[in-house]
Amino acid sequence: QVQLVESGGGLVQAGGSLRLSCAASGRTFSSYTMGWFRQTPGKEREFVGALKWSGGRTTYADSVKGRFTISRDNAKNTVYLQMNSLKPEDTAVYYCAAARTSYSGSSQYMYDYWGQGTQVTVSS
């Protein structure tokens, strides 16, 4: 059974940084794509970025490009979302997701497994 557990959310001032973690278990994830999404009340879940576990290739939404970085630790089966230069509009619940295919795009419907989410609040 695949389990994704996010951690690292919290309250930070604008311009600050946070690092989210997603601990993955229950499978060998070498062929998976790991995605990060975020959601605010009343809005659709928004793609933040994705990482292909094999090879480490990453893609990002334009809104976070140059500020956010996704990485992985193979030994810990953990994916990270490093968020720098945070803005109030980055405030959301952040979700980690896993796709069994090599898909690394922005559609949430292509991801098979989801974590419970972690709140990130950026104050102005």
Side-chain angles (χ1 to χ4, degrees):
Q1 181 179 350
V2 173
Q3 193 170 18
L4 304 175
V5 180
E6 301 100 332
S7 61
L11 173 64
V12 64
Q13 286 191 329
S17 298
L18 276 177
R19 188 178 79 160
L20 306 184
S21 300
C22 173
S25 61
R27 287 284 190 279
T28 299
F29 290 91
S30 56
S31 63
Y32 279 53
T33 294
M34 306 299 292
W36 285 97
F37 289 77
R38 63 189 183 186
Q39 190 171 25
T40 53
K43 291 191 176 180
E44 283 257 321
R45 202 165 284 186
E46 176 191 16
F47 174 75
V48 173
L51 174 144
K52 290 190 178 182
W53 202 290
S54 176
R57 181 184 170 190
T58 53
T59 57
Y60 298 96
D62 287 343
S63 58
V64 306
K65 207 172 286 183
R67 299 188 298 123
F68 290 11
T69 304
I70 301 174
S71 62
R72 73 199 187 295
D73 183 325
N74 290 333
K76 295 182 179 180
N77 244 21
T78 298
V79 175
Y80 302 99
L81 178 65
Q82 177 67 44
M83 304 184 294
N84 298 329
S85 302
L86 282 161
K87 305 174 182 180
E89 52 263 43
D90 294 318
T91 295
V93 177
Y94 283 72
Y95 296 90
C96 173
R100 288 175 290 186
T101 68
S102 60
Y103 178 81
S104 58
S106 59
S107 173
Q108 60 174 313
Y109 303 107
M110 297 299 290
Y111 290 81
D112 303 289
Y113 306 101
W114 292 85
Q116 81 287 352
T118 186
Q119 176 71 46
V120 171
T121 303
V122 184
S123 63
S124 56

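Numbering starts at 1 and runs along the sequence shown.
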How about [X] and [Y]: do any of their side-chain heavy atoms sit closer than 4.5 Å?
X    : Y   : answer
R67  : D90 : yes
R100 : Y32 : yes
Y95  : L4  : no
N77  : W53 : yes

Indicate, with yes or no, if [Y] and [X] share a hydrophobic cluster defined by side-chain heavy-atom contacts under 4.5 Å among Ile, Leu, Val, Met, Phe, Trp and Tyr.
X   : Y    : answer
L51 : M83  : yes
L81 : V5   : no
M34 : Y113 : yes

Compare every heavy atom of T121 with every heavy atom of Q119, then report the nearest pair and how far apart it is.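 Nearest pair, atom of Q119 first, then T121: NE2-OG1, 3.3 Å.
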Minimum heavy-atom separation for S106 to Y103, with atom names?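 Here S106 and Y103 meet closest at N-OH, 3.2 Å.
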Has the side chain of [X] got a donor or acceptor atom that lies under 3.5 Å from a matching backbone atom of [Y]?
X    : Y    : value
T91  : V122 : yes
T118 : S7   : no
E6   : Q116 : yes
Y109 : D112 : no

Could you give me the CA-CA distance, side-chain angles and deciding distance for V64 and R38, then say whether side chain to side chain contact (heavy atoms under 4.5 Å, CB included) is met? CA-CA 12 Å; V64 306; R38 63 189 183 186; 4.0 Å; yes
Results of ring-ring contact (aromatic ring centres under 6.0 Å, His included) for F47 - residues two or more places apart only: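 Scan of F47 (ring-ring contact (aromatic ring centres under 6.0 Å, His included), adjacent residues dropped) gives F37.
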Could you walk me through whether W114 and R45 pass side chain to side chain contact (heavy atoms under 4.5 Å, CB included), step by step? CA-CA 12 Å; W114 292 85; R45 202 165 284 186; 3.1 Å; yes
Show the atom names and distances, to 0.1 Å, of all donor-acceptor pairs under 3.5 Å that link a side chain in residues 56-63 to residues at least two apart or in another chain.
unit_1 : atom_1 : unit_2 : atom_2 : d
T59    : OG1    : S104   : O      : 3.2
Y60    : OH     : I70    : N      : 2.8
D62    : OD1    : K65    : NZ     : 3.1

Check: residues 16-31 side-chain donor-acceptor pairs under 3.5 Å, at least two apart:
unit_1 : atom_1 : unit_2 : atom_2 : d
S17    : OG     : N84    : OD1    : 2.9

Hey, what do you get for CD (Q13) to OG (S124), rounding to the nearest 0.5 Å?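 The OG atom of S124 is 9.5 Å from CD of Q13, to the nearest 0.5 Å.
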Point-to-point distance, once rounded to the nearest 0.5 Å, from OG1 of T69 to OH of Y80: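 If I round to the nearest 0.5 Å, the distance is 14.0 Å.
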